[in-house]
Structures are given as C-alpha cells and as structure tokens.
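Worksheet: the structure to be examined is printed underneath.
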Amino acid sequence: MTFSRFLRVSFAAASLASLGGCQAAQPTLSLAPNPHNLIYTYLIVHGMVRGGVMSGAIPADQLPAVVMEDRSALLAVVAATGRPDASHLKTAREDIQVLLARVEPKDLPASH
C-alpha cells in the first residue's frame, strides 16, 4: 500500500468515526408519556373517531356519548399539558383509551 493510499484510508476511517460520534449525539425519541405525546395521540384518535362518525361506523344514537368522551379526553390532555404530573397523565391516557375504544374493531379482543 502506498503512503498516499494509506493517508486516504486513514482519513476515511477518521471521517466515519467522527460521523458516528455526531450520530450518537443526536437526541433520541422518547415514547414515555408526556404532554406532547398525549396531544399527538389525542389528535390521531380524535381524527379516527371523526372518520368513524363520518363513515357511519359510529351510529347516530351514540353521538352524544362520543362527544362527551371526546371533550373529556381533550380536557384531560389540556390539564396534563398544563401540569404534567402522574395523575393528570394517567387520566389523559385513560380518557384517550375510552375514546379509542369507539373505533376499535368489535370482532377483536380488547387490548389492555
């Protein structure tokens, strides 16, 4: 191996090592319950329920209960955003799960 090739290989190895260090320094995504995750989850579930209402999958006679559950989930998420303690986070998660149950297929076992 010539000296110039040795330098090129060494430079490439050093470059890759430094890039690896940069990659490791990037923040990681946390899936632990926090207000931002709850907001995102609520918005997704709200959209799913909305789609269920629009498609007719959720019957009209259930709409008052769905609206109340949606409002409860929204208020719980707002409370958890304003004061993210364990109690508020738990309540928000539970209220979102109640809302999500409206759009879960009825022929599958409940996921708990």
- Task: Please collect all ring-ring contact (aromatic ring centres under 6.0 Å, His included) contacts where either partner lies in residues 56-75, sequence neighbours excluded, each pair once.
- Result: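 Residue pairs passing ring-ring contact (aromatic ring centres under 6.0 Å, His included), neighbours aside: none found.
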- Task: With sequence neighbours excluded, give me every ring-ring contact (aromatic ring centres under 6.0 Å, His included) pair touching residues 69-99.
- Result: none
- Message: Going by side-chain contact (heavy atoms from CB on, under 4.5 Å), name the residues that satisfy it together with Ile44, two or more places apart in sequence or in a different chain.
- Response: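 Ile44: side-chain contact (heavy atoms from CB on, under 4.5 Å) contacts with Tyr40, Met48.
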- Residues in side-chain contact (heavy atoms from CB on, under 4.5 Å) contact with Leu75, at least two apart in sequence or another chain: Arg71
- Message: So Glu94 and Val98, do their side chains get closer than 4.5 Å, heavy atoms only?
- Response: no
For a quick test of your reading: what N or O donor-acceptor pairs under 3.5 Å do the side chains of residues 52-59 make, sequence neighbours left out?
residue: Ser55; atom: OG; partner: Gly51; partner atom: O; Å: 3.1
residue: Ser55; atom: OG; partner: Gly52; partner atom: O; Å: 3.3
residue: Ser55; atom: OG; partner: Ala57; partner atom: N; Å: 3.4

- Query: Who passes ring pair (Phe, Tyr, Trp, His ring centres under 6.0 Å) against His46, sequence neighbours left out?
  - Reply: Tyr42
- When rounded to the nearest 0.5 angstrom, what is the spacing between CD1 in Ile39 and CG in Leu43? 7.5 Å
- Separation between CD of Gln97 and OG1 of Thr41, rounded to the nearest 0.5 Å: 10.0 Å
- Item | By salt bridge (Lys or Arg N to Asp or Glu O under 4.0 Å) - contacts of Arg83 (at least two apart) | Asp85
- Task: Would you name the heavy atoms of Leu89 and Ala80 that are closest together and state the gap between them?
- Result: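 Here Leu89 and Ala80 meet closest at CD2-CB, 4.0 Å.
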- Message: Please find the pair of heavy atoms, one from Val77 and one from Ile96, that lie closest to each other, and give the distance.
- Response: CG2-CD1, 3.8 Å
- Same cluster for Leu63 and Leu74 if Ile/Leu/Val/Met/Phe/Trp/Tyr side chains link at under 4.5 Å? yes
- Inter- and intrachain pairs under side-chain hydrogen bond (donor to acceptor under 3.5 Å, both in side chains), touching residues 57-66, at least two apart: Gln62-Arg102
- Message: Could you work out, with side chain to side chain donor-acceptor pair (under 3.5 Å) as the rule, every residue matching Ser72, not counting sequence neighbours?
- Response: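 By the side chain to side chain donor-acceptor pair (under 3.5 Å) rule, Ser72 matches Asp95.
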